[in-house]
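Convention: sequence-line order gives letters A, B, ...; per-chain numbering from 1.
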Amino acid sequence: MDYSQFLAMKQEIGVLVVFLLVFLYDTFMPRKGQAVLPLVATVLFACFTAFCFVTPWPDSIDAFAGMYASSTVIVAIKNILNVGVLIVLIQSIKWANSETTAIRRGEFYELLLVTLFGMYLMISARHFLLFVIGLETASLPLAAMVAFDKHRHESREAAIKYILTAIFSSAIFMMGLSFVYGLTGSLYFTNIAMAIAAGGTVSSLLVLALAFVISGIGFKLSLVPFHLWTADVYQGAPTSVTSYLSVISKGAAAFAFMVILTQVFGAVYSQAWEWMLYALIILTITVGNLFAIRQKNLKRFLAFSSVSQAGYIMLGIMADNAVGAAALMFYILVYIFSNLAAFGVVQAVENASGKVDMDSYKGLYKTNPRLSFAMMLAMFSLAGIPPFAGFFSKFFIFTSAISQGSIAIYVLVLIALINTIVSLYYYLLVVKAMFISDDDCVIPTFRSAGSERLGLWITVAGIVGLGIVSCFYNYLLDITSII
Amino acid sequence: MFSNILIYFVVIPVVMLGALALCRGMKAIRAVAVTGSLALLGLSIWVLCDYLEMRAAGNNAPMLFTGSWSWFAPLNINLAVGVDGISIAMLILSSVILLTGSFASWKINPLPKEFFLWLVLLSTGVFGFFISIDLFTMFMFYEVALIPMYLLIGVWGSGNKNYSAMKLTLMLMGGSAFLMLGLIGIYYHSAPEGTPLTWNILEIAQNSSIDMGWQYFLFPMTFVGFGVLGAMFPFHTWSPDGHASAPTAVSMLHAGVLMKLGGYGCFRVAIYLMPEAAAELAWIFLILTGISVVYGAFSACVQTDLKYINAYSSVSHCGLVLFAILMLNTTAMTGAVMQMLSHGLMTALFFALIGMIYGRTHTRDITKMGGLMQIMPYLAVCYVIAGMASLGLPGLSGFVAEMTIFVGSFEHADMFHRVFTIVACCSIVITAVYILRVVGKLLFGPVYDEHHRTLTDAEWWERTSTIALIVCVAAIGCFPNFFVDLIKFTFSPDIFAVLGMK
């Protein structure tokens with residue numbers, strides 16, 4: 001065996017090194033040094049993120065007989081996720097040091113890094129065995145993270161819901177895989193793709209297999225009708241975990257989903273999965289939006305908002321070309337910043353006052369103008385208001401979807417666009433509560449922790465800058481158009 | 001990039017935003033607002049003079065001062081700017097109204113800093129929209145201009161402000177949803193097979209490669225998208241509520257400038273890029289805008305709230321703008337631009353005066369006021385002038401605009417156009433009814449409330465604001481030829497050749 005192949009996995013190895021260092025620190029450091037563990041973990045991860053940016057990005061490599069692949073695009077999406085994780089880590093420092101969490105804070109970082117490793121494998125896998133390993137590694141520790149506040153009833157309940165749906169969806173996914181294996185006799189992406197392309201006609205078994213595969217990943221992405229776990233889990237989990245779940249986990253799954261659909265099943269795009277995705281997108285965007293309107297708890301609210309955002313992300317897959325892939329990656333990048341800004345504010349307010357319902361945000365501008373301002377930018381960006389990044393990502397995802405050209409796509413985009421108006425309504429409800437409501441605010445003026453402020457500054461800078469500064473999108477389009 | 005003069009229409013507001021963010025105290029805020037808007041006014045007059053000089057020297061390009069800088073290169077999105085006579089007219093209008101609006105909100109309370117921040121952000125969008133000739137940047141600035149309205153009305157508004165603000169924002173954004181689809185559709189048909197696609201309006205017009213089937217789909221999308229902002233029936237319902245609840249300066253800017261974005265966009269994007277579909281489908285929209293014109297005027301007759309009266313009158317007058325644009329001939333379109341200018345100035349004057357009266361009497365209900373001519377003669381006289389301009393007294397701007405529109409509309413010899421022109425003409429009479437009713441009840445006659453006798457007349461900043469607007473209204477009325485010459489160039493060449501019209 002050629003051990004130099006491991007060099008292709010620089011990022012996976014890097015994340016494992018960080019994991020080991022954090023683990024060793026957590027295990028062997030005396031109690032006095034434990035207090036700085038969150039800081040140590042964050043700094044280590046920051047170094048790792050920087051390392052991933054600096055080290056040369058490979059054009060395209062295969063390893064382990066084609067089971068594992070890496071390319072500029074894959075490194076780019078991993079780096080995007082890294083940046084998101086870094087922000088999550090920064091934002092969670094205060095929570096990790098809080099009284100109830102402090103005793104087991106090390107586990108949060110260890111579990112988080114393990115799930116990230118799993119997501120890396122999902123993204124890089126070119127063989128379904130490796131993919132499933134990645135999927136499981138990414139899902140199961142997350143259940144433990146969701147149950148992190150085990151003294152809270154909601155947290156435990158959320159964990160049970162999460163683990164059951166995760167296992168159930170994996171089972172469905174593997175059921176689909178077994179059909180695919182039966183049809184094509186291989187689990188390699190390329191071999192399956194070739195077998196499908198050579199087959200010519202589309203058998204109904206293949207359609208069934210695809211339906212299983214799409215439903216399996218649909219659970220991870222919380223596409224409607226596989227979204228039922230989302231709101232409860234988001235609400236019950238600690239906010240740091242929720243924000244991780246809503247952006248990183250979703251971003252990785254969306255990218256992996258695109259890889260599977262376009263690279264494995266690309267040949268049967270129009271015959272088999274175009275209409276499935278079409279229906280899923282309409283359902284996801286519409287139902288997510290309609291349910292978000294009525295939410296009073298901000299974490300549930302953001303849960304349904306993220307359901308509908310997942311629908312927009314799927315539009316990038318619908319395009320089935322390089323422009324779509326770039327738009328999808330850009331959307332994930334912008335979504336990470338916008339959603340983390342929103343969660344950053346929710347977390348800061350929760351840590352200071354314990355409030356997460358929208359009613360207590362009434363009049364927040366009078367007591368905490370900066371936090372309200374950050375929240376407003378996040379809402380505007382999520383709603384797609386220029387000049388914030390969300391506008392650009394939405395515009396590009398629509399443009400990429402329409403590049404496919406059929407009338408049906410125009411109708412789909414029109415439905416999505418009308419849905420942005422619905423979403424604007426509920427995002428404005430938050431703005432209204434903070435800025436317009438005359439009620440006296442129940443949240444007193446407070447000064448959020450330095451880490452929280454740093455996190456918010458980074459995300460706000462991203463919201464303002466990512467769209468206007470065109471090089472990010474241009475770069476993504478550049479690298480995706482090579483493949 | 002900064003050698004192009006037009007870019008400063010965006011740079012100045014952005015600098016103002018930065019300066020306002022640093023401001024402390026009311027004086028500094030006012031200073032920034034007035035200096036900035038004076039600079040913008042000066043800049044637009046400078047551009048006007050340059051423009052006229054270049055045209056006089058025989059420059060025949062469709063747009064002058066053009067410049068284009070790559071932004072999202074792979075999608076061929078550029079920051080492309082350029083102006084013709086219409087854009088310059090709109091730029092001047094916007095800067096005049098921003099200046100007078102700043103004076104009109106001299107004593108805005110609470111949160112003056114935030115108020116001006118949002119107001120300037122709104123005008124950034126407006127100026128950016130008028131100078132853009134790239135569909136993407138145009139659309140972006142369009143949306144930048146819309147969203148501050150929500151907070152401006154929500155925080156500083158009066159009456160049923162929450163409802164109005166939400167309704168206005170959602171309806172306008174709903175319009176822009178259609179618009180976005182239309183624009184992306186135009187992009188994908190902007191160039192013949194094999195040549196690179198473009199967002200640039202001039203290039204798209206030159207290529208004219210959008211085939212008829214797609215035009216039938218894209219024209220209504222874009223026209224309705226902009227038409228919502230132009231208060232086209234049945235999408236006008238945001239306008240009365242929004243205007244009635246908005247604070248003075250916001251009503252001025254919104255009715256005066258923002259609604260013009262609708263008319264300007266309908267012409268610049270929908271008709272300019274898809275003239276064939278415009279000729280085919282104009283009748284549908286003529287019916288809708290015809291309803292706006294008459295229905296708006298009738299609605300104004302039965303209102304008792306001063307702001308509602310003017311809001312409905314705006315629906316009627318802005319409907320006339322779209323109505324004239326859809327006539328698709330030189331005379332009517334010239335009239336449409338004149339009407340945009342005229343209505344912008346006149347309605348800003350109205351809303352400014354209403355704000356000033358409301359600030360004193362604390363009511364806008366005309367049944368609860370009377371005899372203001374005795375109490376505040378200056379404001380009352382201004383109100384009469386604004387009213388006269390609105391009902392089309394010769395010598396003021398309204399007459400010139402409406403006259404041109406109706407003459408242009410009557411050039412169509414067929415029954416359909418004739419009938420609709422006559423119906424629209426009736427709106428002038430109805431306008432006279434509601435204007436004279438208000439003037440008679442509000443200004444003349446006995447003093448209704450004796451407490452009103454203690455009220456004072458206009459302060460200096462209020463006088464500045466009103467005089468500036470009245471001078472402009474009178475200037476258009478007295479020297480219409482200057483403005484016709486300014487805008488005629490746009491309407492002469494290509495577009496009518498395509499339509500086979502004069």
Side-chain angles (χ1 to χ4, degrees), chain A residues 322-323 326-327 330 365-366 369 373 376 380 383-388 391-392 394-396 398-405 407 409-425 428-429 431-432 435-438 467-478 480-481, chain B residues 14 69-75 77 79 110-111 114 118 121 124-125 128 136-137 139-148 150-151 153-157 161-162 165-167 169-185 187-189 197 199 213-214 217-218 221 225:
Chain A
V323 188
F330 186 65
Y365 186 67
K366 286 171 215 147
F373 197 69
M376 183 185 70
F380 281 178
I385 304 288
F388 307 113
F391 168 77
F392 294 87
K394 280 227 166 78
F395 196 96
F396 294 143
F398 292 141
T399 311
S400 72
I402 285 185
S403 72
Q404 196 244 30
I407 278 286
I409 282 285
Y410 277 85
V411 174
L412 178 66
V413 171
L414 184 64
I415 294 172
L417 275 165
I418 291 171
N419 265 295
T420 59
I421 309 308
V422 180
S423 73
L424 180 65
Y425 170 71
L428 282 181
L429 285 182
V431 177
K432 177 172 133 188
F435 284 80
I436 297 178
S437 173
D438 292 326
I468 292 178
V469 181
S470 58
C471 59
F472 301 101
Y473 177 73
N474 288 350
Y475 178 74
L476 288 176
L477 195 51
D478 225 32
T480 47
S481 56
Chain B
V14 171
W69 304 276
S70 182
W71 195 7
F72 293 95
L75 289 179
I77 291 172
L79 181 62
L111 306 172
E114 283 84 349
W118 290 116
L121 183 64
T124 314
F136 176 84
T137 30
F139 180 71
M140 189 190 83
F141 282 122
Y142 176 81
E143 292 218 325
V144 167
L146 296 188
I147 199 70
Y150 179 73
L151 287 153
I153 295 178
V155 179
W156 291 274
K161 58 184 186 179
N162 277 338
M166 190 61 95
K167 182 175 180 181
T169 315
L170 292 186
M171 284 193 75
L172 295 185
M173 283 299 188
S176 72
F178 288 96
L179 187 58
M180 193 198 273
L181 187 68
L183 296 185
I184 297 177
Y187 168 67
Y188 280 111
H189 299 89
L197 301 171
W199 296 90
W214 280 104
F217 174 66
L218 297 174
M221 286 284 164

Using heavy-atom distances under 4.5 Å, tell me whether B:Ile147 contacts chain A through its side chain, its backbone, both, or neither. side chain
Contact class of A:Phe435 relative to chain B, heavy atoms under 4.5 angstrom: both
Name the region of A:Tyr473, side chain, backbone, both or neither, that has any atom closer than 4.5 Å to a heavy atom of chain B. side chain
From the list B:Thr169, B:Val155, B:Leu151, B:Asn162, the residue making the most non-hydrogen contacts under 4.5 Å with chain A is B:Asn162
For A:Ser403, is it the side chain, the backbone, both or neither that has a heavy atom under 4.5 Å from a heavy atom of chain B? both
Heavy-atom side-chain proximity of B:Phe136 to B:Leu75 below 4.5 angstrom: no
Are side-chain heavy atoms of B:Leu111 and A:Tyr365 found at a separation under 4.5 Å? yes
A:Tyr425 OH: over 12 foreign heavy atoms closer than 6.0 Å: no
Relative to each other, are the rings of B:Phe139 and B:Tyr142 parallel, tilted or perpendicular (30° and 60° limits)? parallel
Search all heavy atoms of B:Trp71 against all heavy atoms of A:Asn474 and return the closest pair with its distance. O-ND2, 3.3 Å
Heavy-atom distance under 4.5 Å to chain A: side chain of B:Met166, backbone, both or neither? side chain
With a 4.5 Å heavy-atom cut-off, do A:Phe392 and B:Ile77 have their side chains touching? no
Which region of B:Leu197, side chain (C-beta onward) or backbone (N, CA, C, O), has a non-hydrogen atom less than 4.5 Å from a non-hydrogen atom of chain A, or is it both or neither? neither
Most chain B-contacting option - heavy-atom pairs closer than 4.5 Å, from A:Val422, A:Leu428, A:Val413, A:Leu424: A:Leu428
Might you point out which heavy atoms bring B:Ala165 and B:Gly154 nearest each other, and give the distance in Å? CB-N, 3.9 Å
Count the heavy atoms belonging to other residues, nucleotides or ligands that lie under 6.0 Å from OH of B:Tyr188, then report whether that count exceeds 12. yes
Pairs of heavy atoms under 4.5 Å with chain A: top-ranked of B:Phe178, B:Tyr150, B:Trp156: B:Tyr150
With only heavy atoms counted, which part of B:Leu146 is less than 4.5 Å from chain A, the side chain, the backbone, both or neither? neither
Are the side chains of A:Phe330 and A:Thr480 in touch, meaning some heavy atoms are under 4.5 Å apart? no
Toward chain B, the part of A:Phe380 with a non-hydrogen atom under 4.5 Å: side chain
Using non-hydrogen atoms only, which part of B:Tyr187 is less than 4.5 Å away from chain A: side chain, backbone, both, or neither? side chain
Among B:Met221, B:Met173, B:Met140, B:Met171, which residue forms the greatest number of heavy-atom pairs with chain A at distances under 4.5 Å? B:Met140
